[in-house]
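Below is one structure, written out as structure tokens, with a few remarks after it.
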Amino acid sequence: LLCLVAAFAAAAPDGREGESQPAARVVSLNPSLSLILVGLGAGDRLVGIDAASGRLAPELAGVRSVGGLFDPSLETVVALEPDIVVLVPSVEQQRFRDRLDELGVPTRAFRNIRFEEVLANIRDLGALVGRRGAADAVVDRIVRTRSAVEQAVAEREAVSCVVVLQRDPVFLVGIGTFLDEMLASAGCRNLARTLGDGYPRASLEWLVGAAPDVILDMSLDAAGGAGARDYWSRWPTLPAVEHDRVLHVDAQLVTMPGPELDRALRTLARALHGEALDAAIAARLAEPRP
């Protein structure tokens, strides 16, 4: 999971402009970008995708795979004759992009580390494929939901928590990420912010000493919530264990910097504060616009 999160939300400088005409043939080398295009009703523009996109989006099951996130096939991408190749570059994908540039294949990279960058990606991809109206609607939905969540938790005390992406070794959500920003909006005091940027590694001793009230476990585990509780029950002094606040959260939904950040925010708020908060969020979303 940690490798996927890092791949979904990699960043690199980009100074190259997208195309002025709507792109009809797009190759996506990152699931977050593929899912944004699907969410905008432009999945039919995708003529090639990375293998992870095909696994995560049933709508893309019939689209040609061009290889893995870190080892796409240059020959396959070029043969698809794309109008543009979109990616969120790791070091490996930056090298791949350079090779495409040398062959004259148009490319565009999208930063998506921060929350606002993800919203910008939705708008920019909408413009790229001629779906500006749909993009504006998705961004508006996310922004309104974030505001409703923040209002609903405003009078509640922030809950001390950690988000576990991987258990052995332990990797957590740190500062400077869209996940950390969503946790703050949902009323979480993210204890792992002190460990640094991105997705820092932590020792079990640190986690036990930090004594989180809630552990949101997003590690891959076929047993789901029961597996998370069983694992962390080995450390019964943890407040999260003592008060039965070890919760399994759907990593695919929450860690994907894509078009469903509104659902991710509500999922986090519900996990941290209980089902009743979701009703309060829904009520705020139903209020007439000013």
Side-chain angles (χ1 to χ4, degrees), residues 1-113 117-118 120-131 134-135 198-199 220 251-252 255-260:
L1 173 61
L2 181 66
C3 291
L4 282 177
V5 171
F8 295 161
D14 181 42
R16 305 171 214 194
E17 297 298 323
E19 306 300 326
S20 58
Q21 297 298 320
R25 298 179 61 82
V26 180
V27 170
S28 169
L29 300 182
N30 192 274
S32 66
L33 306 180
S34 301
L35 292 181
I36 289 173
L37 288 168
V38 170
L40 298 181
D44 60 340
R45 306 296 181 90
L46 286 163
V47 296
I49 53 174
D50 64 279
S53 291
R55 292 193 297 268
L56 295 173
E59 301 93 334
L60 301 178
V63 179
R64 179 73 179 272
S65 172
V66 300
L69 285 168
F70 304 115
D71 59 350
S73 166
L74 182 67
E75 292 77 11
T76 302
V77 171
V78 173
L80 289 170
E81 299 182 345
D83 296 327
I84 194 161
V85 176
V86 297
L87 45 80
V88 180
S90 61
V91 172
E92 293 86 353
Q93 285 202 349
Q94 183 59 46
R95 295 194 191 102
F96 188 79
R97 184 188 187 192
D98 291 341
R99 295 174 70 191
L100 289 172
D101 288 345
E102 291 170 0
L103 295 172
V105 178
T107 63
R108 185 164 177 183
F110 292 81
R111 303 176 179 89
N112 64 355
I113 296 295
E117 290 173 341
V118 181
N121 290 349
I122 295 171
R123 294 191 187 96
D124 291 346
L125 282 167
L128 191 68
V129 296
R131 300 283 293 170
Y199 308 102
L220 299 178
Q252 182 176 325
T255 65
M256 179 66 69
E260 296 195 334

Nearest heavy-atom pair of [X] and [Y]: which atoms, and what distance?
X      : Y      : result
Gly43  : Leu60  : O-CD2, 4.3 Å
Met256 : Pro31  : CE-CB, 3.9 Å
Ala42  : Arg131 : CB-CG, 4.2 Å
Leu69  : Pro72  : O-CD, 4.0 Å
Ile84  : Ala23  : CG2-CB, 4.0 Å

(request) Could I get the full list of side-chain hydrogen bond (donor to acceptor under 3.5 Å, both in side chains) partners for Ser28, not counting sequence neighbours? (result) Ser34
[atom1]-[atom2] distance between [X] and [Y], expressed to the nearest 0.5 angstrom:
X      : Y      : atom1 : atom2 : result
Leu46  : Glu59  : CG    : CD    : 11.0 Å
Leu33  : Arg108 : CG    : CZ    : 10.5 Å
Thr107 : Arg99  : OG1   : CZ    : 13.5 Å
Gln93  : Leu100 : CD    : CG    : 10.0 Å
Ser73  : Arg64  : OG    : CZ    : 8.0 Å

(request) Identify the residue among Ile122, Val129, Asn30, Asn112 that makes a side-chain contact (heavy atoms from CB on, under 4.5 Å) with Ile36. (result) Ile122
[Y] and [X], any side-chain heavy atoms less than 4.5 Å apart:
X      : Y     : answer
Asp50  : Val27 : no
Pro259 : Leu35 : yes
Val105 : Pro82 : yes

(message) Under a plain distance cut-off of 3.5 Å, with no hydrogens placed, do Asn121 and Glu117 share a side-chain donor-acceptor pair?
(response) no
(request) For the pair Asp83 (side chain) and Arg25 (backbone), establish whether a donor and an acceptor sit closer than 3.5 Å, ignoring hydrogens and angles. (result) yes
